[in-house]
Amino acid sequence: MFVPESPKDAIRLQKELAGKVVICPLPANFRFLGASDLGYFSLPAGDRGKDRFCVAVILVFDWPDLNLVDEASHVASVTFPYVPGLLSFREVPAMLEAWRKLCIKPDVFLCDGQGIAHPRGIGLASHLGVILDIPTVGCAKKRLCGTHDELPLQKGSRTPLFFQGRQVGVVYRSRTGVKPLYISPGHRADIDSSVKVVEKCIGKYRIPEPLRQAHRRAADLTRKAKLFRSSEILC
DNA sequence: GCGACAG
DNA sequence: ATCTTGTCGC
């Protein structure tokens, strides 16, 4: 039951995995930070026009300089539908394949999605962290669940994100006037150290630099993969 | 029953 | 996420 057949099975598995999530400070010192993202594409009209694929990308940077030191990617077919709260079942499989291809395994991993700021306490970052048993941090561009006070427009401002009476993360304004980020621990991380890592990754833009670069790489590879597979079908 | 709803 | 052109603003 590694890959659930239905959303119902997925939720059952989530509740099981949620019990394995560990909340503790991230390593005080570490050498490599990983960041991942996915791109999706479908083939042009035709018999297989509805097939969906995804490209998972993982970038590894040295810390705290953030120079790119390794990279891996993997193309796979999408096997699970997008359901809010079940995103990890769509993205984790391809991510694990990309992880296998890395030469340098990062010490801390940044994910494009929620950590424990999730209805069942196990968003994408937590799920991946538990499966690989590595420290992960969730950094989402939108809120999935929870409530919070209004946030000042100045960059650097933050406010706790609460869910069911307890703090699950932080809403963080990475740049003045932009929409905030939703930061929460994934696995083997806590709220404070998660925010600190993300904070140190903010460059000139809203999205932390490692995730931003992973996103660009994923977009590039997705475009290439689509062209390649399209031309293969024509032959 | 009516909204909300990561990517 | 993805499909898509121009366009308002710093």
Side-chain angles (χ1 to χ4, degrees), chain A residues 7 10-11 14 17-18 21 35-46 49-58 73-96 98 109-130 136-148 153 155 161-164 168-172 174-187 194 198 204-208 210-212 214-227 229-230:
Chain A
I11 289 176
Q14 277 187 329
L17 292 177
V21 175
S36 65
D37 193 28
L38 276 86
Y40 293 90
F41 69 93
S42 53
L43 268 22
K50 283 196 171 182
D51 283 338
R52 299 279 298 182
F53 301 90
C54 68
V55 182
V57 170
I58 298 178
S73 64
H74 184 78
V75 181
S77 54
V78 176
T79 59
F80 205 83
Y82 172 69
V83 179
L86 300 180
L87 176 67
S88 58
F89 295 98
R90 257 171 97 76
E91 310 207 331
V92 165
M95 227 109 101
L96 292 178
F109 202 100
L110 242 189
C111 293
D112 181 21
Q114 315 288 352
I116 62 171
H118 176 280
R120 287 167 294 282
I122 180 149
L124 172 62
S126 301
H127 189 144
L128 188 68
V130 166
T136 58
V137 172
C139 180
K141 299 181 292 298
K142 293 178 181 175
R143 183 190 66 88
L144 173 60
C145 67
T147 58
H148 62 85
L153 292 171
K155 69 174 177 182
L161 176 64
F162 293 100
F163 181 63
Q164 294 181 337
V168 294
V170 160
V171 184
Y172 176 76
S174 55
R175 305 284 299 174
T176 298
V178 304
K179 292 186 299 179
L181 298 174
Y182 297 80
I183 305 169
S184 61
H187 177 58
S194 293
V198 171
K204 194 181 177 188
Y205 306 93
R206 175 170 89 110
I207 306 300
L211 282 181
R212 190 170 160 276
H215 190 316
R216 289 190 46 182
R217 195 81 183 97
D220 280 352
L221 293 180
T222 297
R223 194 179 333 119
K224 286 184 186 175
K226 176 168 184 172
L227 287 175
R229 303 194 69 138
S230 300

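Quick note on labels: first sequence line is chain A, next is B, and so on, each numbered from 1.
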Going 5' to 3' through nucleotides 1-7 of chain B, assign each nucleotide B (protein heavy atom under 4.0 Å from a base atom), S (under 4.0 Å only from sugar-phosphate atoms) or - (no protein heavy atom that close). ---SBBB

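For A/Lys142, the salt bridge (charged side-chain N to carboxylate O under 4.0 Å, His left out) test picks out no residue, with sequence neighbours left out. Applying the side chain to side chain contact (heavy atoms under 4.5 Å, CB included) test to A/Ser184 and every residue at least two apart in sequence or in another chain returns A/Gln114, A/Ile116, A/Ala117. In this structure, A/Asp37 has no side-chain hydrogen bond (donor to acceptor under 3.5 Å, both in side chains) partners at least two apart in sequence or on a different chain. Remark: A/Lys179 engages A/Arg206 in a side chain to side chain contact (heavy atoms under 4.5 Å, CB included) (not counting sequence neighbours). Scanning for ring-ring contact (aromatic ring centres under 6.0 Å, His included) contacts around A/Phe41 gives A/Phe53, with sequence neighbours left out. A/Arg217 pairs by the salt bridge (charged side-chain N to carboxylate O under 4.0 Å, His left out) definition with A/Glu71, not counting sequence neighbours. Among residues two or more places apart in sequence or in another chain, the ring-ring contact (aromatic ring centres under 6.0 Å, His included) test is passed with A/His127 by A/Phe89. Applying the salt bridge (charged side-chain N to carboxylate O under 4.0 Å, His left out) rule to A/Arg175 yields no partners; only residues at least two apart in sequence or on another chain are considered.
Along DNA chain C, read 5' to 3', the first and last nucleotides having any atom under 4.0 Å from a heavy atom of chain A are C/dA1 to C/dC3.
In this structure, A/His127 reaches neither bases nor backbone, as no heavy-atom distance under 4.0 Å exists between it and the strands shown.
Looking at every heavy atom in both residues, A/Val57 comes nearest to A/Ala218 through CG2-CA, 3.6 Å.
Consecutive pairing runs in DNA chain C never reach the stem threshold, where a stem means at least three Watson-Crick or G-U wobble pairs with distances under 3.5 Å. Counting only Watson-Crick or G-U wobble pairs whose defining distances are both under 3.5 Å, DNA chain B contains no stem of 3 or more consecutive pairs.
Not a single donor-acceptor pair under 3.5 Å links the side chain of A/Glu91 to the backbone N or O of A/Asp112. Under the 3.5 Å distance criterion, the side-chain polar atoms of A/Thr136 are matched with a main-chain donor or acceptor of A/Ala125. For A/Ser88 (side chain) and A/Leu124 (main-chain N/O), no donor-acceptor pair under 3.5 Å exists by modelled atom type.
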